[in-house]
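Scope of the values below: all heavy atoms of this structure, side chains included, with no hydrogens, waters or symmetry mates. Sequence lines set the chain letters: A, B, ... in the order given, protein chains first and strands last, and positions in each chain run from 1.
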Amino acid sequence: MRTTPISEMDKRFDPKSYESRWQQDWAAKGYFVCFVPDLPIVPSRLSDPAEPGAARSYCIMIPPPNITGKLHMGHALQSTLQDLLTRWRRMQGRNALWLPGTDHAGIATQLMVERDLAKEGKSRHDLGRDRFLERVWSWKEQYQGNIRRQLDLLGASCDWTRERFTLDEGLSLAVREAFVRLFEEGRITRGEYLVNWSTGLDTAISDLEVEMRQVQDKLWKIAYPIAGGTEHVVVATTRPETLLGDTALAVHPEDERYRHLIGRHAVVPVAGRVIPFVADESVEREFGTGVVKVTPYHDLADFETGRRHGLPGIQVIDRQGRMTSAAGEEFAGLEVDAARALLLAKLREAGLLVHEEDYVHNVGFCQRSGVRVQPLMSTQWFCDVSSMAAEALAAHRNGRLELVPASWGKTWEHWLENIRPWCISRQLWWGHQIPAWYDEAGTCFVARTREAAAAQAGHDRLTQDGDVLDTWFSSALWPFSTLGWPEKTADLAYFYPTSVLVTGFDILFFWVARMVMMGLHFTGESPFARVHLTGLVRDAEGVKMSKTKGNVLDPEDLVDEYGADAVRFTLALLDSPGRDIPLDPERMAGYRAFGNKIWNATRFALSKVGEARIPEAIDFDRLALPERWILSRLSQTAEAVSLHLEEFRFDLACSDLYQFFWSDFCDWYIEMAKPGCDPGSERLLVKEVLLLTLDRSLRLLHPAMPFLTEELWQRLPGHDAIHPQTICLAAYPGREPGWVLGATETELMKLLQETVTLVRNERADRKLTHRVKAELYLQPAKADDEESSASLAYLSSSEVQRLLASIAGVQRVVLASPPASAINKSVRQGIGITPVFEVPAEPVDLTKLGLELAKVEENIGKVRARLESADFSAKAPAAVIEGARKNLDALELERARLRTALGRDSEAG
RNA sequence: GGGAGGUUAGCUCAGUGGUAGAGCACCUGCCUUACACGCAGGGUGUCGUGGGUUCAAGCCCCUCACCUCCCACCA
């Protein structure tokens, strides 16, 4: 693809000028489309090359976004991390598949379409099931495209030829297969139980969809007359209207106050029904009055109590949240609130309302619609996941499934150990209709198809169950249904189990746990080896984003303003384990500046390198110290980045890269390369090192900043020898074993940098501009110091003099004592370093020097005390002791220097 | 009631027992061989509290406090 030549490169980089261009180019060339090789096939989770030439797969399944709308910041974060991993592994030579797709999101989508319909004054019932579903499908087409467009904007390297949707034909087949198998195994059953009923959604919901909230309520105390007497017992309740459905009163078997009542009866106020007293251990004697009303059909605890005592139940509230006829003529048809008011009035009238008080407690709400959950008796489909949960626990315990951060392990264990049957049926239209059919007599036939059900029934006069499955049922199959399961496809054999799952901790139970359970059950394998759980993206103040608060950031707006690369880099850099992510757009401006830095560093290099090309190999031993140093830093960085990516430490990997590129490469190396590129320099291969470092830096950065790196890499002379087409497929750099500095060289480089800093420091202190030149006086701090003589020789070499002139404004290096008018500035590695500027010296600030001296002396005291401690010298490692000694030496030289400057030579050491 | 995480610079956060770090913000001076989305320099910390282990603790152990979040059928 054509790029503008360097001469036309703009001073300022503009992400908009190339981002969409590259996304289109990549898509057109099909770089991200995966092909399953004929042989050999190596399971994706092996992290070491199993055999040469084997095409190892790597696979990430996208957590399918709901088709209800657009991507939010959480999607942007997770997509960035998934893309980063996929691009990184792809560059490492893995056959890397990132499979995209969307979720039909039953309740959420149906609600949105119904809301849309409501604007026309219609309900879904006006249209009827078929026409309503047609409408949802057309809605889906519209939004699915939107999600793809947004992923493209972010630079996602998905294989769009494999895009899936949870309601498409293949996945629907997988859902029916899974359902029927679980039914045949006896794990799925249909039955009447007390379920969480949402009157807001008009459907049953699972336990996970119930959210507990603290509520300011009232606690009423009501007197129940005891049958055959004049006594009363007082019962506390927060829901008096359910009294109409009471079938017993319960007390603790050992409660002396009420023992005599066990076996006797009470009269339900208003209703007049006679109900027994039962003894049950679950009753807390200390709470309320110690007597509990038992309403088996409207309270889960009471349901259990009722079961234990064989009590009947009475349904007094219906699915619309109104009182039934069983509640009595006066109440039938009333909303719960109205029924409560009426009942309380009647109790007052009868003198049976003993007490009323404010009361704070936790109440279940429907997470999605926000209404109070009504516990109701209802016939639903349930999935008993207990044995699957045990397998999921085992997979985690034996390491086949790793959660990152590992602290989620306890949560995982606790939830799976206390798991209850999963209510999987929903009274909705949008979703996978349950593959069960009924004949006129109501006999149920579960089968993969209507035909198969008809074969079971012996006739075709069947009606399919009207309910659909919980959306999470199909999501649970996602890692393998997307690869063609239950067919034994090549994709499934090659890419399953997948490598990594990246998702938010908020759906650990909803989704991750269920995928693991279903995956283990149907394929015998955990669907992924590792799960990276991200935090929540919050606003700059750390507040959760919400429409009502108006603090929502839209990824699309951010990409528009800062460019996709800056958005990606920011998100990856902020992803610290176990932390939420406070996202400040200011931060993105900072990483956009990083993009600008990379752009300009490249622009500079290209303007300097002339005919040079990226070298295939470089003779490290022939290079001068600055070149050797930057290559060693490059190698260290490459190693650190990959290690951090292995551990999902995107934050550390990105800051490694940021630090290396900005500080080491731009601030130090490019500055040092400037004199090295000038004619007459003795340093070898400077231009090649410049290009090589740039090439590898861009490749290292590519997974995080794909667009910018491609745009720039394409301009590097010689890039096509690394990969003929694209940086996306160029090899990811690793550590170079030969690029290592010895200890002496490392110290020498440090000395060089400290010398430069010292000169700059002094210049800044004296408010001199960089134009004021300096002479640099160097001398050994101690007489006859052999170690320092080698350093002195290096610092005074013509090449280094040239370098110091360029980056520190040093005109001349003099190996001598500074003139008497100058003060010795500092001592480093046994060398006294004194810059003398071509302007008159300022009077020495004695106060400041005095303070410095005091500090040095304090430190000397500390280090000395440590060295003199017998325990320290006996127990501390030799290296630490040696370090402390060296430190003391340096401090003492510094003290001597300061004393000289202060004219206190005479004082004793 | 159980559980998890957090508490480090003004802000947001890294930190691997051995003299406390980054980015942003702030202050000073600079249009210097690419970059003012820049360069150079600056500095601030009782590392939440109180104990313990250790020659040595921001880091390991215990206590408490505060903040976030998850799980949980005291009506």
Pair assignment for G5(B), Watson-Crick or G-U wobble, requiring both distances under 3.5 Å: C67(B)
Pairing partner of C47(B) (Watson-Crick or G-U wobble, both distances under 3.5 Å): none
Heavy-atom pair of closest approach, residues Glu838(A) and Gln811(A): OE1-OE1, 4.0 Å
Counterpart residues, salt bridge (Lys or Arg N to Asp or Glu O under 4.0 Å), relative to Glu211(A) (two or more places apart): Arg213(A)
Ser869(A)-Asp871(A) side chain donor-acceptor pair, cut-off 3.5 Å: no
Short side-chain N/O contact from Trp662(A) to OP1 or OP2 of C39(B), under 4.0 Å: yes
Pairwise C1' distance, A65(B) and U16(B) [rounded to whole Å]: 29 Å
Between C1' of G38(B) and CZ of Phe661(A), the distance in whole Å: 14 Å
Residue pair Thr295(A) / Lys293(A), side-chain donor-acceptor N/O under 3.5 Å: yes
N or O in side chain of Asn761(A) less than 4.0 angstrom from G42(B) OP1/OP2: yes
Nearest-nucleotide pick for Lys608(A), side chain only, options being C70(B), A75(B), U33(B): U33(B)
Distance test, side-chain N/O of Ser576(A) to OP1/OP2 of A14(B), below 4.0 Å: yes
Under 3.5 Å between N/O atoms: give me all the protein pairs with nucleotides 25-28 of chain B, atom names plus distance.
{"from": "U28(B)", "atom 1": "O2'", "to": "Lys767(A)", "atom 2": "NZ", "distance (Å)": "3.4"}

N/O (side chain, Arg763(A)) to phosphate O (OP1/OP2, C39(B)) under 4.0 Å: no
For RNA chain B, the residues among residues 664-677 of chain A that have a non-hydrogen atom under 4.0 Å from it: Cys666(A), Asp667(A), Ile670(A), Glu671(A), Lys674(A), Pro675(A)
Separation of the P atoms in U54(B) and C66(B), to the nearest angstrom: 32 Å
Pairwise P distance, G5(B) and C74(B) [rounded to whole Å]: 25 Å
Glu209(A) side chain to Ser206(A) side chain, donor-acceptor N/O pair below 3.5 angstrom: yes
C60(B) pairs with, by Watson-Crick or G-U criteria that keep both distances under 3.5 Å: G52(B)
Ala890(A): partners by side chain to side chain contact (heavy atoms under 4.5 Å, CB included), with sequence neighbours left out: none
Rounded distance in Å between the C1' positions of C35(B) and U19(B): 36 Å
Polar side-chain contact Lys11(A)-C35(B) base: donor and acceptor under 3.5 Å: no
Side-chain N,O (Tyr591(A)) to OP1/OP2 (C24(B)) below 4.0 Å: no
Counterpart base for A20(B), defined by Watson-Crick or G-U wobble contacts under 3.5 Å: none
For RNA chain B, the residues among residues 866-878 of chain A that have a non-hydrogen atom under 4.0 Å from it: Arg866(A), Asp871(A), Phe872(A), Lys875(A), Ala876(A), Pro877(A)
Short side-chain N/O contact to A14(B) OP1/OP2 from Arg579(A), under 4.0 Å: yes
Presence of Lys410(A) side-chain N/O under 4.0 Å of A4(B) phosphate oxygens OP1/OP2: yes
G45(B) to A20(B) separation - C1' atoms, rounded to the nearest Å: 8 Å
Between Glu357(A) and His355(A), a side-chain donor and acceptor under 3.5 Å: yes
C13(B) to U7(B) separation - P atoms, rounded to the nearest Å: 9 Å
C47(B) versus G21(B) - spacing of their P atoms, nearest Å: 15 Å
Pair Phe594(A) and Tyr658(A), ring centroids less than 6.0 Å apart: yes
Cationic N near anionic O, under 4.0 Å, Glu892(A) to Arg864(A): yes
N/O (side chain, Arg771(A)) to phosphate O (OP1/OP2, C31(B)) under 4.0 Å: yes
Those residues that, when tested against Arg239(A), pass side chain to side chain donor-acceptor pair (under 3.5 Å) (two or more places apart): Gln374(A)
Between C74(B) (P) and Glu286(A) (CD): distance, integer Å: 15 Å
Per Arg649(A) side chain, nearest of listed nucleotides A75(B), C35(B), G15(B): G15(B)
